[in-house]
Structures are given as C-alpha cells and as structure tokens.
Amino acid sequence: MAVVILVIAIILMFLPNNFQTPVRQAVQSTALRPFIAAQEGLAARRGEGIDVSDLRAQRDSLSALVAAEGSLSDENRRLRALMGLRARAGSDFIPAEVLKLGTGGSESTFIIDHGKAEGVAVGSPIIADGGLIGVVSEVSEHSGQAIDWTHPDFRASAMTADGEAYGIVEPRRGRFREEDMLALTGAPFHSDIPTGTRVVSSGRGGLYPRGIPLGVVVGIEEADTGWRKSYLLRPMVRPEGVQHVLVGVHNSRPDLSELWHVNAVPDTVAAIDTMTATTSPAKPATKTTLKPATRPAPRPAAPATTPATTPTPNPPQR
C-alpha cells in the first residue's frame with residue numbers, strides 16, 4: 001500500500017500544474033479532510049490558549065499594580081501622619097526605622113536603627129501616629145532592640161482619658177497574632193467604664209509620659225471577687241504594620257496628651273482666631289457709626305435757636 005501511494009505521489013510530481021490542481025483538491029476534500037479539520041481545531045485551541053494566557057498575565061500585572069499603589073498610598077498616609085506627630089513632639093522624639101527580626105519566637109521584638117549615639121536609652125518609649133508601640137529593651141551605639149505591646153513582659157500604667165479610673169495595661173494573646181489585644185487590669189470595681197472610652201498612659205512609674213494613647217475599651221473581660229475589674233482594649237496601633245516610628249530621647253514634657261489632640265480641634269481654634277481677626281476691625285467701624293448718633297452737639301443747636309427767638313420779643317415788652 002505504501003509503495004502504491006509512493007508511486008502515485010511520484011507520478012503526480014511530474015504531472016503539469018493543470019492536472020495537479022484538481023487531483024490535489026480532490027485528495028484534500030476526501031482523504032485528507034479529517035486531518036485538515038483536526039489541524040484547524042488544534043490551531044484554534046492553541047490561539048485561544050495564548051489569548052487566555054495573555055489576559056491572565058495582564059490581569060495579574062494590573063492586580064500587582066493596584067496592590068502596589070494601595071500599599072504606597074497607605075505608607076504615604078502613615079508617613080504624613082508621623083511627620084505631623086514629629087513636628088508636634090519637637091526634640092523629645094527622633095524618627096527611626098523598624099527592622100523585624102523574622103526569627104521564631106521574636107514576633108514581639110524588633111530593632112531600630114538608632115542607639116546611644118542618638119540619645120536612645122533603655123526604657124525609651126516608641127510611638128507612632130496612633131499611640132504607643134513599645135519600649136526599648138536593649139541599646140548599643142547605633143541600634144537598639146525593643147519589645148512591642150504584644151510581648152508578655154509589656155506593662156504600662158494607664159488611666160481613662162478623663163482620669164476617672166486607673167489600672168495596668170498588659171497584653172492578651174489571641175488565637176492568631178492579628179487578634180492580640182490589650183487589657184486594662186486592676187480597675188476599681190465601682191467604676192463602670194463604657195465601651196469606646198480611650199485609655200492612655202498615666203505617667204505613673206516614670207517609664208511612659210502621661211497621655212500616650214494605648215487602646216479603646218471594647219468590653220469587660222472579667223470581674224474579680226468584688227474588688228477589681230478588667231476591660232479588654234482594642235489597640236490603637238498594630239505593630240505588624242509599622243515601619244517607621246518615633247523614639248523618645250528626652251523627657252522634657254511629662255504630659256504628651258496634646259500630641260494626639262483631634263486634628264479638628266486646632267483647626268477649629270485657628271478658624272475662630274481667624275474669624276476674630278477678621279471681625280475685630282469691624283468693631284471700631286461700629287463704634288464710629290454709633291458716635292454720630294450719640295453726639296449731643298446737633299441737638300442742643302436747635303433748642304439754642306428757639307430760645308434765642310423767644311427772648312427777643314421780651315425786652316420790648318419789658
């Protein structure tokens with residue numbers, strides 16, 4: 001059979017083009033038709049696969065670009081907030097960069113790129129735009145090691161923002177690290193701290209200055225035997241998302257509450273001052289308009305003319 005096909009192929013090669021064309025078309029439409037159809041199907045599927053791969057690659061590139069822009073936007077926002085806090089803090093705090101250790105058992109520790117040469121000491125508080133992150137535990141010449149508030153050894157003397165209740169803030173480990181919370185322990189039993197109350201450092205003990213935000217009350221954790229209460233707090237700062245911080249190098253101000261005033265408050269005060277400055281020139285204008293109305297000079301002039309006309313006939317009568 002193969003020999004016959006080979007002989008036919010050789011004969012067709014030597015035929016003129018006029019005879020080859022109808023024979024070729026007949027063979028393609030009969031014997032080779034299934035093979036040609038299969039080839040066309042494979043080519044179409046290959047083209048569709050290439051199109052899907054291109055679309056998937058474009059989608060992945062777009063997703064990566066959106067994610068990168070989102071992270072850059074968040075980092076830009078955090079840096080702007082930290083710059084504002086740095087401006088309000090003055091020389092008491094210096095900016096530093098956080099380096100995660102990334103080893104097992106070191107999730108609650110990190111390294112900063114400043115040390116003794118820059119004024120950092122053991123016990124220096126570390127803050128971010130939201131509030132307290134941790135404290136320096138070891139320090140060398142140009143670097144320091146610190147623990148954040150998730151560390152088992154972290155403790156901070158705390159109080160409610162209104163100063164009605166005092167206690168100790170300590171960490172509470174969750175099922176996952178992102179579920180770690182804080183707890184205000186040792187609060188008096190007669191005190192009823194409502195949900196949403198801000199808890200700040202109290203300044204007692206001399207480690208943390210007064211007024212650094214720690215967390216917000218989300219509910220009561222437990223009540224002891226009639227003497228103490230514990231409240232769960234939602235932390236103001238998550239340490240896993242922090243890359244830049246401020247480290248305390250001076251303790252010139254024992255109260256830092258003004259650093260975390262709501263931004264609307266200074267703006268409102270500035271707006272009031274601006275309004276006062278703009279309306280203050282109008283007050284003299286009001287006084288000047290009232291002065292002519294209160295001047296008595298025009299009014300006595302009229303009565304002076306009337307008595308002058310009335311006494312003139314009196315001398316002739318006399």
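Note: the hydrophobic cluster containing Ile168 does not contain Leu207 (ILVMFWY, side chain heavy atoms under 4.5 Å, direct or indirect links). Under a hydrophobic-cluster definition in which Ile, Leu, Val, Met, Phe, Trp and Tyr are linked whenever side-chain heavy atoms come within less than 4.5 Å, directly or via other members, Val245 and Val200 are assigned to different clusters. Tracing side-chain contacts under 4.5 Å through hydrophobic residues (I, L, V, M, F, W, Y), one reaches Phe154 starting from Ile127; they form part of the same cluster. Criterion: ILVMFWY side-chain heavy atoms under 4.5 Å apart, direct or through other members. Under it, Val169 and Val217 are part of a common hydrophobic cluster. By the criterion of side-chain heavy atoms lying less than 4.5 angstrom apart, applied directly or through intervening Ile, Leu, Val, Met, Phe, Trp or Tyr residues, Leu184 is not grouped with Met159; the two fall into different hydrophobic clusters.
Between Arg210 and Asp255, the shortest heavy-atom contact is O-OD1, 3.2 Å. Taking each heavy atom of Lys100 and Pro239 in turn, the nearest pair found is NZ-O, 2.9 Å. Ala187 approaches Ile193 most closely through the heavy-atom pair CB-CD1, 4.5 Å. The two residues Asp129 and Trp260 make their nearest non-hydrogen contact at O-NE1, 3.0 Å. Residues Pro235 and Asp180 come closest through the heavy atom pair CG-O, 4.1 Å. Nearest heavy atom pair, residue Ser257 against residue Gly211, reads OG-CA, 3.3 Å.
The existence of a salt bridge linking Lys116 and Glu141 is excluded, since no basic side-chain nitrogen approaches an acidic carboxylate oxygen closer than 4.0 Å.
Judged as a side chain to side chain contact (heavy atoms under 4.5 Å, CB included), and not counting sequence neighbours, the contacts of Ala128 are Ile133, Val237. With sequence neighbours left out, the salt bridge (Lys or Arg N to Asp or Glu O under 4.0 Å) criterion links Glu258 to Arg253.
Contact annotation: the side chain of Pro254 never approaches that of Pro209 to less than 4.5 Å [non-hydrogen atoms, C-beta and beyond]. Inter-residue side-chain proximity for Ile112 and Val136 is flagged as met; some heavy-atom pair is nearer than 4.5 Å. Residues Glu221 and Tyr231 fail the side-chain proximity criterion, which asks for heavy atoms closer than 4.5 Å. Looking only at side-chain heavy atoms (C-beta outward), Val249 and Asp92 stay at 4.5 Å or farther from each other. Put simply, the side chain of Ile94 reaches to within 4.5 Å of the side chain of His114, judged on heavy atoms. Residues Val135 and Ile126 fail the side-chain proximity criterion, which asks for heavy atoms closer than 4.5 Å. Within the 4.5 Å cutoff, the side chain of Ser157 has no heavy atoms near those of the Tyr208 side chain. Side-chain contact check for Pro171 versus Pro152: every heavy-atom pair is 4.5 Å or farther apart.
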Test log, rule side chain to side chain contact (heavy atoms under 4.5 Å, CB included), inputs Arg238 and Trp149: CA-CA 9 Å; Arg238 302 298 308 186; Trp149 57 261; 3.8 Å; yes

Residue pair Asp148, Phe110: steps toward the side chain to side chain contact (heavy atoms under 4.5 Å, CB included) verdict: CA-CA 8 Å; Asp148 57 43; Phe110 58 92; 3.9 Å; yes

Side chain to side chain contact (heavy atoms under 4.5 Å, CB included) evaluation trace for Leu182 with Arg172: CA-CA 5 Å; Leu182 291 169; Arg172 288 290 185 268; over 6 Å; no

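With Arg86 contributing its side chain and Gly90 its backbone, the two residues share a donor-acceptor pair below 3.5 Å. Judged by distance alone, the side chain of Thr160 and the main-chain N or O of Ala165 form a donor-acceptor pair under 3.5 Å. Of the possible donor and acceptor atoms, none in the side chain of Arg234 sits under 3.5 Å from a partner among the backbone N and O of Val216. Side-chain N or O atoms of Ser108 include none that pairs as donor or acceptor with a backbone N or O of Ile147 at under 3.5 Å. With Ser137 contributing its side chain and Gln145 its backbone, the two residues share a donor-acceptor pair below 3.5 Å. The backbone N or O of Ser91 sits less than 3.5 Å from a side-chain atom of His250, completing a donor-acceptor pair. Judged by distance alone, the side chain of Ser191 and the main-chain N or O of Pro188 form a donor-acceptor pair under 3.5 Å. Panel note: side chain Asp113, backbone Ala96; no donor-acceptor pair is recorded below 3.5 Å.
In this structure, Leu256 CG and Asn251 CG are separated by 8.0 Å, a value rounded to the nearest 0.5 Å. Rounding to the nearest 0.5 Å gives a distance of 8.0 Å between CG of Leu99 and CD of Glu97.
Side chains of Ser230 and Thr185: no donor on one and acceptor on the other come within 3.5 Å. For the 3.5 Å distance criterion, the side chains of Arg177 and Thr150 qualify, holding a donor opposite an acceptor.
For the pair Arg204 and Tyr166, the cation sits on the ring face: its NZ or CZ lies under 6.0 Å from the ring centre, inside 45° of the axis.
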